[in-house]
Asks: 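Quick one: this structure, given as structure tokens, is what I'll be asking you about.
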Amino acid sequence: MQDHQHKQRVKEQLRKAGVTRYGMFKSESRHLPTIIHPNENIHGAVYGQYGDSSAMLVATDQRVIFLDTKPMVKLFDELNYDTVIGVEFDIHTIFATVILQTAVGNYTIRYANIKCAEHFTDYIETKRIDKITKA
């Protein structure tokens with residue numbers, strides 16, 4: 001029962017972050033409950049094209065997750081907020097591009113849902129400002 005509750009909590013938090021029905025069917029969204037810790041909360045998610053495939057960036061209260069799942073292959077990066085240098089957000093008519101700039105490299109998500117991109121970008125910027133003011 002607890003596993004079902006955890007999956008439902010993750011789905012609800014993704015919806016609050018702006019993820020659409022289409023986004024919920026993506027393999028990254030379906031795999032996310034296995035990665036999110038029970039005490040971790042999602043505050044932003046952006047999904048779209050990453051290179052030649054589909055991928056997702058997820059901002060939680062504890063870390064940023066990059067996830068790209070394909071049949072028999074799972075690419076997963078976990079970043080703490082200390083490695084995040086900045087975030088770019090551009091709107092192109094009906095889609096957005098988000099570039100998460102980190103100390104280990106950039107993650108570019110193209111053809112992203114604009115609402116998701118806004119939520120994700122706002123949360124990343126909030127975490128960065130919090131980090132600067134605490135320093």
Side-chain angles (χ1 to χ4, degrees):
M1 184 67 175
Q2 192 172 4
D3 186 46
H4 177 71
Q5 288 174 339
H6 178 70
K7 286 180 183 178
Q8 286 304 113
R9 182 181 67 85
V10 169
K11 285 175 79 171
E12 181 180 316
Q13 290 179 359
L14 286 172
R15 282 190 199 108
K16 284 183 181 177
V19 176
T20 63
R21 281 186 181 186
Y22 167 75
M24 294 301 231
F25 285 113
K26 297 184 74 50
S27 61
E28 290 82 11
S29 295
R30 292 192 321 266
H31 185 72
L32 203 54
T34 65
I35 295 172
I36 298 295
H37 302 295
N39 63 342
E40 186 173 26
N41 294 297
I42 298 168
H43 293 279
V46 64
Y47 53 92
Q49 188 171 353
Y50 176 79
D52 293 336
S53 68
S54 175
M56 176 180 267
L57 283 167
V58 179
T60 76
D61 54 349
Q62 299 175 22
R63 60 191 170 152
V64 179
I65 298 165
F66 169 79
L67 185 59
D68 181 0
T69 61
K70 303 176 194 63
M72 301 179 67
V73 176
K74 182 185 343 168
L75 301 173
F76 170 75
D77 286 340
E78 178 180 344
L79 307 157
N80 65 37
Y81 284 99
D82 290 338
T83 64
V84 175
I85 297 167
V87 63
E88 290 182 40
F89 169 54
D90 298 314
I91 297 174
H92 309 281
T93 315
I94 59 172
F95 293 108
T97 297
V98 173
I99 303 170
L100 182 68
Q101 301 162 338
T102 74
V104 295
N106 293 345
Y107 296 87
T108 302
I109 303 291
R110 290 184 166 78
Y111 304 108
N113 174 295
I114 293 172
K115 184 178 177 183
C116 287
E118 286 175 330
H119 279 280
F120 179 83
T121 302
D122 288 347
Y123 189 74
I124 294 292
E125 288 175 345
T126 300
K127 289 294 276 190
R128 287 199 25 79
I129 289 169
D130 288 348
K131 186 178 95 173
I132 291 168
T133 57
K134 288 179 183 177

Asks: Where is the tightest heavy-atom contact between A112 and I109, given as atom of each residue plus distance?
Replies: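 Nearest heavy atoms, A112 then I109: CB-CG2, 4.2 Å.
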Asks: Could you check if a side-chain atom of K74 sits within less than 4.5 angstrom of a side-chain atom of H31, using non-hydrogen atoms only?
Replies: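 A side-chain contact exists here, since the closest heavy-atom pair is under 4.5 Å.
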Asks: Got a list of side-chain donor-acceptor pairs under 3.5 Å for residues 79-89, not counting sequence neighbours?
Replies:
from : atom 1 : to   : atom 2 : distance (Å)
N80  : OD1    : D82  : N      : 3.0
N80  : OD1    : T83  : N      : 3.2
Y81  : OH     : T60  : N      : 3.4
Y81  : OH     : T60  : O      : 2.6
Y81  : OH     : R63  : O      : 3.4
T83  : OG1    : N80  : O      : 2.8
E88  : OE2    : Q101 : NE2    : 2.6

Asks: Please tell me whether I124 and Y50 are part of a single hydrophobic cluster in this structure, the criterion being side-chain heavy atoms less than 4.5 Å apart.
Replies: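 As far as the 4.5 Å side-chain criterion goes, Y50 and I124 are connected within one cluster.
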Asks: Starting from the C-alpha separation in whole Å, work towards a yes-or-no answer on side chain to side chain contact (heavy atoms under 4.5 Å, CB included) for D122 and E125.
Replies: CA-CA 5 Å; D122 288 347; E125 288 175 345; 4.2 Å; yes
Asks: Only counting residues at least two apart or in another chain, list the ones meeting side-chain contact (heavy atoms from CB on, under 4.5 Å) with S27.
Replies: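 Applying side-chain contact (heavy atoms from CB on, under 4.5 Å) to S27 gives R30, T69.
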Asks: Can you see which heavy atom on A17 is nearest to which on A45, and at what distance?
Replies: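 Here A17 and A45 meet closest at CB-N, 3.9 Å.
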Asks: Could you walk me through whether N113 and Y22 pass side chain to side chain donor-acceptor pair (under 3.5 Å), step by step?
Replies: CA-CA 10 Å; N113 174 295; Y22 167 75; over 6 Å; no
Asks: Just by distance, do the side chain of D61 and the backbone of N41 share a donor-acceptor pair under 3.5 Å?
Replies: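 It does hold such a pair.
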Asks: Measuring from atom CD of Q5 to atom CG of D3, what distance do you get when rounded to the nearest 0.5 angstrom?
Replies: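 Taking CD in Q5 and CG in D3, the distance rounds to 10.0 Å.
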Asks: Dump the intermediate steps for side chain to side chain contact (heavy atoms under 4.5 Å, CB included) on R110 and H92, then the final yes or no.
Replies: CA-CA 10 Å; R110 290 184 166 78; H92 309 281; over 6 Å; no
Asks: Please name the pair of heavy atoms, one in A117 and one in V98, separated by the smallest distance, quoted to 0.1 Å.
Replies: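 Taking every non-hydrogen atom into account, CB-CG2, 3.5 Å.
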Asks: Roughly how far, to the nearest 0.5 Å, is the CG atom of L32 from the NZ atom of K7?
Replies: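 Atom-to-atom, K7:NZ and L32:CG are 12.0 Å apart.
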Asks: Whether the side chain of Q8 engages the backbone of V10 through a donor-acceptor N/O pair (distance < 3.5 Å, no angle test) should be reported.
Replies: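 Absent.
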Asks: Side-chain heavy atoms nearer than 4.5 Å, only ILVMFWY residues, links allowed to pass through others: does that put Y47 and I36 together?
Replies: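 Linked, Y47 and I36 end up in one cluster.
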Asks: Between the side chain of S29 and the main-chain N/O of F25, is any donor-acceptor distance below 3.5 Å?
Replies: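 A pair under 3.5 Å: no.
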Asks: Within a 6.0 Å radius of atom OH on Y111, are there more than 12 heavy atoms belonging to other residues, nucleotides or ligands?
Replies: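 12 or below, so no.
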Asks: Minimum heavy-atom separation for M56 to E28, with atom names?
Replies: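 Heavy atoms of M56 and E28 come nearest at CB-CB, 3.8 Å.
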Asks: Would a single hydrophobic cluster contain both L100 and I91, if residues Ile, Leu, Val, Met, Phe, Trp and Tyr are joined by side-chain heavy-atom contacts under 4.5 Å?
Replies: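 Yes, because I91 and L100 connect within a single hydrophobic cluster, where side-chain heavy atoms sit under 4.5 Å apart.
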Asks: Rounded to the nearest 0.5 Å, how far apart are CD1 of I99 and CG of D90?
Replies: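 Interatomic distance, I99 CD1 to D90 CG, rounded to 0.5 Å: 6.5 Å.
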Asks: Test side chain to side chain contact (heavy atoms under 4.5 Å, CB included) on D77 and V104 and set out the steps.
Replies: CA-CA 10 Å; D77 286 340; V104 295; over 6 Å; no
Asks: With a 4.5 Å cut-off on side-chain heavy atoms, are N39 and Q62 touching?
Replies: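 Q62 vs N39: side chains touch.
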Asks: Is there a path of hydrophobic side-chain contacts, each under 4.5 Å between heavy atoms of I, L, V, M, F, W or Y residues, that connects L67 with F120?
Replies: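 Unlinked, L67 and F120 end up in two clusters.
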Asks: Once you round to the nearest 0.5 Å, how far does CG of L57 lie from SG of C116?
Replies: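 If we round to the nearest 0.5 Å, L57:CG and C116:SG are 11.5 Å apart.
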Asks: Same hydrophobic cluster for Y107 and V58, using side-chain heavy-atom links shorter than 4.5 Å among ILVMFWY?
Replies: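 The answer is no; the residues belong to distinct hydrophobic clusters.
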Asks: Would you indicate whether K16, at its atom NZ, is surrounded by more than 12 heavy atoms from other residues, nucleotides or ligands within a distance under 6.0 Å?
Replies: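 Count not over threshold, so no.
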